[in-house]
Amino acid sequence: MEIPSKYSAQAVESKWYDYWMTHNYFHSTPDEREPYTIVIPPPNVTGVLHMGHMLNNTIQDVLIRRARLLGKNACWVPGTDHASIATEAKVVAKLKAQGINKNDLTREEFLKHAWEWTEEYGGVILEQLKKLGCSCDWDRTKFTMDDDMSEAVIKVFVDLYNKGLIYRGFRMVNWDPEAKTTLSDEEVIHIEKQGLLYYLEYQIEGSDEKLTIATTRPETIFGDTAICINPTDERFRHLKGKNAIVPICGRVIPIIEDEYVDIEFGTGCLKVTPAHDENDKVLGDKHNLEVIDIFNEDASLNSFGMHYEGQDRFVVRKAITKELEAAGLIAKTENYINKVGTSERTKAVIEPRLSDQWFLKMEDLAKPALDAVLTNGDVKLFPKKFENTYRHWMENIRDWNISRQLLWGQQIPAYFYGDGKEDFVVAENRDDALRLAKDKTGNSSLTAADLTQDSDALDTWFSSWLWPMSVFDGIRNPENEEIKYYYPTNDLVTGPDILFFWVARMIVAGYEYKDEKPFENVYLTGLVRDKQRRKMSKSLGNSPDALKLIDDYGADGVRVGLLLSSAAGNDLMFDEDLCQQGKQFANKIWNAFRLVQGWEVDIAINQPNSSKIAVEWFESKFQKTIAEIEDHFSKYRLSDALMATYKLIWDDFASWLLEIVKPAYQQPIDTKTLESINTIFEDILKILHPFMPFLTEEIWHYIKERSPEEALIISRWPEAQPINEVLISEFDFASEVISGVRNIRKQKNIAFKDAIGFSIVNNENVAPTFDGVISKLGNLESFNYVKEPVEGALTYRVKSNEYFIPMEGSIDVEAEVKKLTEELSYTEGFLKSVQKKLSNERFVAGAPEQVVASEKKKEADALAKIETLKSSLASLQ
RNA sequence: UGAGGUAUAGCUCAGUGGUAAGAGCGUCACGCUUACAUCGUGAAAGUCAUAGGUUCGAAUCCUAUUACCUCAACCA
């Protein structure tokens, strides 16, 4: 069979993905096996794959594939999120490009466009996940706006409303004037901006006195309804009970007192604008102030803005500054840096705004979710450090504003039958609503046409918080077989940036609706950054094209590259070179396979002892390593698990084992060794499969013809066997001996093909187990045990054993003496420090026995080595 | 401002009070030895941020300082 010398990922990867799909290996149905379930963090339906997706989906796939190999019923549920504001913004932009204004469309028309868009672009990202090798159960693909998913959302809304947890409130919310919707606190990003602090002068009513007030927002003076001073502030005591006059509009407003005002800041007095500032709203409520909203919904000024009506807030800020300046009402301006809230999606500066919104009471709901993570450990966060952040957020949780002034999303199931604030009912459908409305009003002549559904949609997260339940239809049919089997799920893999948006809320919903956690472990990946530690973002253009990476390095290579750089929970500095390393690793394994594949068997040959012992050694080493890998997985240290696998394959398998058993050029190999090597190779493919699924499946089928039932993806993880530790430590010693030979060859430029003589003074009484191996890898022509140092030879030592390689011609005695002297002085220094410890009575008395014993052993070893070195020196001189 | 985190080789990071501190990558030297130059062999490279303290013993625990990161609140 002709096998190409370079591994080519492209052809291989699509072939095996198709094969897996054809044979339905990803599909899961409940059975008697233990389930292992992951629900995907649903990406935005119209999104494209970026590095963050690549990372966390690679991790999920590793976990799922490993669970499958461990014999569990592995189920990975994929899907997408409707991402209300992001998607709506895209649709609006697209319509705008076609000359269509969203406001000219009816709800139905707009939604039609949105669905068209979703159908056109939706799912692109899922196709990209397939390229990465993700073994999701595609038959279960869900979308947060699927009919059944929406039904669950509405059912939950109605239920929470009936429990008195959802209420309608006139509240200060974060208003995005561009998207014309509210945002949750979490969707607001505070950005430091250079602004100005303006010192405005307010006339005191009935006096010539002027009061100077500092503000960053002079355009909001139209909404001023009071001036506030601190009651303890001597400077303003005389103003108590007086009124001030707002510049330009001339409105008379009271001067009030409140401890809230910071005497030190600005001028020590504050203008109060209850409609446009959260803190001012609090003050306003406390002092019964008038509330004047001066903005339209696009943050242009309304009629309260007088001659600025219709102009944008930032335009007005400049203009009004000029007007005030001209009137001599600005005392001064100062540079001032403050953090301005901006919309995560549209980047628009957020305007605090009072409006009627729907809220979910969080305090009581949060309790079980808080306990689950912090008290009883039902849900474990990896890494643990996020627990503190979680606690802080959950303990200070605020009511959740769940309404959005958007069309794309589940429409709030509240039906108004009148104009009053309380003239509504909440129901799952219009018929129920009508019944309720009739009951509530006592008006039996109401008709469906009299009901108007609230036009707002629900926050996207109000559907995704149900995700682990609703994908199994657990809300609508709480007793169905699937939810009972798959819930709670096992692992959730996501970024720490949505710990509160999503993770915490899923835990809340889980306890409220299933009285149980939604998942056992939460693995929080780091953010993907570039080499300069900058976040990857479109605007910086520092995010590599995910699909191009896969083209260049193969999905296996990219997976390895991502995982190698991702210690759990730390941000990862993504470096394309790591994908290169992944690709090289694939090539290495490929060539190891080519080597083994090319061996001819001769049944007449007996297995050489060196091969026999090397195979035994590797089997133990393999067992030891998979135990380590197991441990890494249990701590979600995937990069360590991968690195252990990497070293096992590259160093132990390829560099040691294969080199030891490799027959001479064009010579055949014995049957026994080849069989062992093939078995070992298969075991290696199994443990590597979760990381590099394509390459491993390819080689698996090259090794021998296999039926679909024998595919690697559904094979079984190697079983644990006893570990021979003695063999492992003997090998470690032997490898040092081999290194010594190589070193001397290197120093003296002796080519490997020239066999050399070799003698050993075995002070350590090392067993001869690996002598054959040393001979082979050192290309030794002889292997002599001697009692006395060999003259005319180069030497090196391992512990107190001394090795001699006879040289033709003269030995550089001076260099040998120098080398020995250096080694001697190092060892003596080491001995001294050990003896210092041992002569310390408090150490011997206080340290555990084991530690003292190990120090004594060190002392004995050092003494023996010094003995050897001294006798060598003596023989040279 | 508050809370949390981090500081170990050129880079990215392990290191669980007890080895004169480890890995991968990179660097340097030598080598195309017939699976692989996407390779092999070897080497160099650290004041464990700084200053104190606890301990027989500290990279590890404590305190302070400095620098950086994340999250929250931001003050007109």
Side-chain angles (χ1 to χ4, degrees), chain A residues 3 5-7 185 190 197-198 213-217 220 228 260-262 264-273 277-280 283 336 338-339 341 383 385-389 391-393 396 496-497 499-500 527 531 533 557 564-567 569-575 577-578 580-599 637 639-640 642-644 646-647 650 654-655 658-659 662 664-666 739 742-743 745-747 749 751-753 779 826-827 829-830 832-834 837 840-848 850-852 854-855 857-858:
Chain A
I3 304 172
S5 79
K6 289 191 173 24
Y7 173 66
D185 293 338
H190 292 274
L197 193 56
Y198 304 85
I213 298 174
T215 179
T216 52
R217 303 199 57 190
T220 61
C228 190
Y260 166 74
V261 176
D262 182 349
E264 303 296 321
F265 190 89
T267 59
C269 50
L270 167 72
K271 70 189 206 55
V272 186
T273 321
D277 183 280
E278 177 103 49
N279 295 311
D280 289 10
L283 273 180
Y336 185 71
N338 64 345
K339 283 200 180 170
K385 68 179 177 189
F386 286 107
E387 287 179 6
N388 273 319
T389 326
R391 177 202 311 273
H392 190 256
W393 193 75
N396 298 291
D497 48 333
L499 182 58
F500 307 128
L527 295 173
K531 271 200 264 188
R533 285 190 180 274
L564 281 178
S565 55
S566 72
N570 287 345
D571 284 359
L572 64 99
M573 267 37 82
F574 179 75
D575 184 343
D577 290 351
L578 289 166
Q580 181 61 29
Q581 197 184 338
K583 188 180 174 180
Q584 288 171 205
F585 185 41
N587 198 56
K588 180 75 187 178
I589 299 162
W590 184 248
N591 277 292
F593 168 66
R594 284 179 60 229
L595 171 68
V596 174
Q597 182 69 20
W599 287 336
R637 301 171 64 137
S639 59
D640 291 328
L642 173 56
M643 186 46 73
Y646 180 93
K647 283 198 272 194
W650 199 307
S655 297
L658 291 184
E659 290 299 331
K662 183 155 94 178
Y665 183 49
Q666 291 189 333
S739 281
R742 286 171 174 166
N743 232 326
R745 283 183 176 278
K746 196 91 200 166
Q747 284 163 16
N749 270 322
F752 180 78
K753 59 187 174 199
N779 194 14
Y826 175 89
T827 313
F830 177 70
K832 210 170 138 190
S833 87
V834 173
K837 228 184 263 186
N840 182 339
E841 275 170 43
R842 301 211 291 178
F843 169 74
V844 180
Q850 219 185 333
V851 173
V852 177
S854 104
E855 289 298 314
K857 171 131 199 330
K858 276 194 252 166

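Protein chains get the first letters and strands the later ones, always in sequence-line order, with residue 1 at the start of each. The figures that follow rest on heavy atoms only: side chains count, while hydrogens, waters and symmetry mates do not.
Here G598(A) lies out of heavy-atom contact (under 4.0 Å) with every strand. Residue A751(A) is classed as having no contact, given no heavy-atom separation below 4.0 Å to the nucleic acid. Across all strands, S739(A) comes closer than 4.0 Å only to sugar-phosphate atoms, never to a base (heavy-atom distances). At a threshold of 4.0 angstrom between heavy atoms, the contacts of W650(A) are confined to the sugar-phosphate backbone, with no base atom among them. Within 4.0 Å (heavy atoms only), Y826(A) reaches at least one base atom of the nucleic acid. At the heavy-atom level, K753(A) lies nowhere under 4.0 Å from the strands shown. K858(A) comes within 4.0 angstrom of the backbone, heavy atoms only, and of no base. Counting any heavy atom pair closer than 4.0 Å across all strands shown, T215(A) reaches sugar-phosphate atoms only and no base atom.
Taking 4.0 angstrom as the limit, T273(A) places none of its side-chain polar atoms (N or O) nearer than this to OP1 or OP2 of rA76(B). K662(A) has a side-chain polar atom (N or O) that falls below the 4.0 Å cut-off from OP1 or OP2 of rA35(B). Distances shorter than 4.0 Å separate none of the side-chain N or O atoms of N591(A) from OP1 or OP2 on rU38(B). Regarding contacts with the backbone of rC39(B), every side-chain N or O of K6(A) stays at 4.0 angstrom or more from both OP1 and OP2. Not one side-chain nitrogen or oxygen of Y260(A) sits closer than 4.0 Å to the OP1 or OP2 atom of rC74(B). For R637(A), a side-chain nitrogen or oxygen approaches OP1 or OP2 of rG15(B) to under 4.0 Å. A close approach under 4.0 Å does occur between a side-chain nitrogen or oxygen of Q584(A) and OP1 or OP2 of rC39(B).
Residue whose closest nucleotide on RNA chain B sits further toward the 5' end, between K647(A) and F752(A): K647(A). When each of N840(A) and R742(A) is assigned the nucleotide of RNA chain B with its nearest heavy atom, R742(A) is the one assigned upstream, toward the 5' end.
Taken together, the paired segments of RNA chain B that extend over three or more consecutive Watson-Crick or G-U pairs, each closer than 3.5 Å at both contacts, are B:1-7 with B:66-72, B:10-13 with B:22-25, B:27-31 with B:39-43, B:49-53 with B:61-65.
Comparing rA76(B), rC30(B), rA43(B) by their closest approach to the side chain of V261(A) singles out rA76(B). Listed candidates were rU38(B), rA35(B), rA76(B). Nearest to the side chain of E659(A) is rA35(B). Listed nucleotides rC56(B), rU38(B), rG5(B) differ in distance to R842(A); the shortest reach to its side chain belongs to rC56(B).
rU33(B) atom C1' lies 16 Å from atom CG of L658(A), rounded to whole Å. Atom-to-atom, CG of L270(A) to P of rC74(B) comes out at 14 Å; the value is rounded to the nearest Å. Atoms CZ (F585(A)) and P (rC39(B)) sit 12 Å apart, rounded to a whole Å. Following rounding to the nearest Å, N279(A) (CG) and rA76(B) (P) show an atom-to-atom distance of 10 Å. The separation between K583(A) atom NZ and rC36(B) atom P is 17 Å, rounded to whole Å.
Between Y826(A) and F830(A), the ring planes lie parallel to each other; the angle is under 30°, not in the 30° to 60° tilted range. The aromatic rings of F500(A) and W393(A) sit parallel to each other, their planes meeting at less than 30°, with 60° as the upper class boundary.
For the P atoms, the distance from rU16(B) to rC11(B) is 22 Å, rounded to whole Å. Between the C1' atoms of rG15(B) and rG22(B), the separation comes to 7 Å (whole Å). Using atom C1' as the reference point in both rA73(B) and rG2(B), the two lie 7 Å apart (nearest Å).
Between V844(A) and E841(A), the closest side-chain pair of non-hydrogen atoms is not below 4.5 Å.
In this structure a side-chain-to-backbone donor-acceptor pair under 3.5 Å is missing from T215(A) to Y198(A).
A donor and an acceptor atom sit less than 3.5 Å apart, one in the side chain of K746(A) and one in the base of rU41(B).
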